[in-house]
Amino acid sequence: MSERLKGLIRRLVPDLGPLRDSRDYRLLMVSGVVTMFGTFITLVAVPFQMKELTGSYVAVGLVSLAEFVPMVVCGLWGGAIADAVDRRKVILLSELGLAATSAMLMVNSMLPDPQIWVLYVVGALSTGIACLQRPSLEAMIPQVVRHDQLAAAAVLTSLRWNFGAIVAPALGGLLVVSFGTALAYGLDTVSFLLSLVLLWRMSSLPPAEDASPASLRSLVEGVRYAVGRRDLMGTYLVDIAAMVFAMSTALFPFLADQMGAPQALGLFYSAGAVGSLLASLTGGWTSRVHRQGLGVIVAAALWGVAVALAALMPHVWGVFVCLALAGAADMVSGVFRMTMWNQTIPNELRGRLAGIELLSYASGPMLGNARAGLMAQAGGARFSLGVGGLLCVAAVAVLAVALPGFRAYDARTDEHALAEQARRAGRATA
């Protein structure tokens, strides 16, 4: 093998340095794989069960809408908690709560007459607990990974997510069609319990000695900081626009039926993760990109184009390929956004900003699926898919023009990136 080819492979293959150098990051990664496996099975099971119980586009779309309020409230409050208490403790207690909600869904599914309201209420409760936990998980990464390895950690974290997102939805589709939803919810419960054992072994991460207690005032402080950073606002707004207009997973059960291929349900749910995985496996190049703002804009626009093309595909595999391309673009956007966040936000604000980040990447899909259901009710699944993709491209273009500072962001010259790098270097020297 030539030296040139070896060099190309090294540039493409993800850097395993964070896994090699940080025990706590290894535990986070393995725990994430286990948890994501069960969570994605449930992601298939809930809309499938709602479709079976109601046969309504709107009812399926409203599952996501019911989760919106707890996501907003708990995401922001979870960020304030993450900066005020031991982040490890928050993660462990939340993991117990998530195991309990999965068990509730399993019990409901085993009833002779499963209750529709349980899917809405327990789904909202589960989302609230997950959103309390997520800021602590996100804020923990810069504490257990070296500053120069944060871009590599973003790629590895995406790779972990994609591993579960490919296998689990395909298995989930097979399980719910063949064996019912109770088994899917049961597997999700077990996954949280196994993850809890791994997370228990992590080191304690207490807050700073002068950390402010979780309060409305501390929340306002975090929001004020985010609003004052136009580059951060760009990452939030572009992602929300892309997801609101082009996220359409609520349509997959109906699209599979209309194409005469109900067995393709799991395939559709896995498609985006297949594209993301391929992008992750060849994502070593992303750590050498310094214009992450422009990268987010381009990737978000490509996501919308791919979703719009999926609406035109007459065959299952054509839809699959387009959704996989969309997933690859979304992964690249996520890596650039995560790198910007981790390299520029001070640790004392990291939890609260992680809560705001959660609103950007979680609210979009929820509102997007509700939008997809409503548009499909008016014009059908393909209409909703295609128009949503085109609206995504238009919205991203408008934001790119409206946010020149975000478009021009460069990690080599940005004052916040340089300041955070200096702070971390100072702590390491001390």
Side-chain angles (χ1 to χ4, degrees), residues 14-40 75 78-79 81-83 85-99 102 129-168 188 190-207 273 276-277 280-281 283 286-287 331 334-335 337-343 345 347 350-355 357-358 361-362 424 427:
D15 179 5
L16 301 181
L19 287 173
R20 183 176 56 250
D21 299 339
S22 174
R23 172 182 176 273
D24 283 341
Y25 185 71
R26 288 196 299 272
L27 290 171
L28 273 177
M29 283 286 287
V30 177
S31 165
V33 169
V34 173
T35 301
M36 292 299 290
F37 194 86
T39 299
F40 272 98
I81 292 174
D83 286 335
V85 302
D86 188 329
R87 289 167 180 168
R88 174 178 173 271
K89 184 180 295 184
V90 175
I91 292 169
L92 291 174
L93 292 175
S94 300
E95 207 77 356
L96 278 174
L98 291 169
S102 296
I129 296 173
C131 291
L132 281 173
Q133 180 192 58
R134 184 53 64 89
S136 292
L137 283 170
E138 298 289 343
M140 185 180 289
I141 292 177
Q143 290 183 277
V144 300
V145 175
R146 296 201 322 253
H147 183 84
D148 63 310
Q149 293 181 333
L150 287 173
V155 174
L156 292 172
T157 301
S158 296
L159 187 61
R160 176 203 72 188
W161 183 89
N162 294 323
F163 175 80
I166 289 174
V167 179
D188 194 17
V190 172
S191 75
F192 281 119
L193 296 176
L194 292 176
S195 174
L196 186 64
V197 174
L198 294 167
L199 294 171
W200 186 267
R201 300 179 59 199
M202 290 190 63
S203 304
S204 177
L205 292 171
S276 295
L277 179 62
S280 297
L281 290 173
T286 58
S287 63
M331 193 288 296
V335 167
R337 284 182 282 116
M338 189 181 300
T339 300
M340 288 180 65
W341 297 336
N342 288 339
Q343 287 186 343
I345 298 173
N347 181 59
R350 192 67 190 87
R352 279 164 286 178
L353 270 292
E357 291 155 17
L358 174 63
Y361 63 71
R424 289 171 65 93
R427 288 197 297 269

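Since the model is a prediction, treat every value here as computed from it, not as a measurement.
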Decide side chain to side chain contact (heavy atoms under 4.5 Å, CB included) for Val33 and Val30; before the verdict, give the C-alpha distance in whole Å, the side-chain angles of both, and the deciding distance to 0.1 Å. CA-CA 5 Å; Val33 169; Val30 177; 5.7 Å; no
How far does CG of Leu137 sit from CD of Glu95, to the nearest 0.5 angstrom? 7.5 Å
Under a 4.5 Å cut-off applied to non-hydrogen side-chain atoms, are Met202 and Leu92 in contact? no
Nearest heavy atoms of Asp83 and Gly351, plus distance in Å: OD1-N, 2.8 Å
Can you name the closest pair of heavy atoms from Arg88 and Trp200 and give their distance? NH2-O, 2.5 Å
Shortest non-hydrogen contact from Ala153 to Pro18? N-CG, 3.8 Å
Would a distance-only check, ignoring hydrogens and angles, find a side-chain to backbone donor-acceptor pair under 3.5 Å from Arg352 to Gly79? no
What are the two closest heavy atoms between Ser136 and Ile91, and how far apart are they? CB-CG1, 3.9 Å
Out of curiosity, Ser94 OG to Leu132 CG, how far, rounded to the nearest 0.5 Å? 5.5 Å
Of the non-hydrogen atoms in Gln133 and Val90, which two are nearest, and what is the gap between them? CA-CG1, 4.5 Å
Residues two or more places apart in sequence or in another chain: which of them pass side chain to side chain contact (heavy atoms under 4.5 Å, CB included) with Leu93? Lys89
Can you name the side chain to side chain contact (heavy atoms under 4.5 Å, CB included) partners of Ser191, sequence neighbours left out? Val34, Asp188
How long is the span from the CG atom in Leu19 to the CE atom in Met29, to the nearest 0.5 Å? 5.0 Å
For Ala354, enumerate each residue passing the side chain to side chain contact (heavy atoms under 4.5 Å, CB included) test, keeping only those at least two apart in sequence or located in another chain. Pro135, Glu138, Arg350, Glu357
If you round to the nearest 0.5 Å, how far is CG of Asn342 from CG of Leu353? 11.0 Å
d(Leu198 CG, Leu193 CG) to nearest 0.5 Å is 11.5 Å
To the nearest 0.5 angstrom, please state how far the CZ atom of Arg87 sits from the CD1 atom of Ile81. 12.0 Å
Smallest separation among heavy atoms of Val144 and Ser22, with atom names: O-OG, 2.7 Å
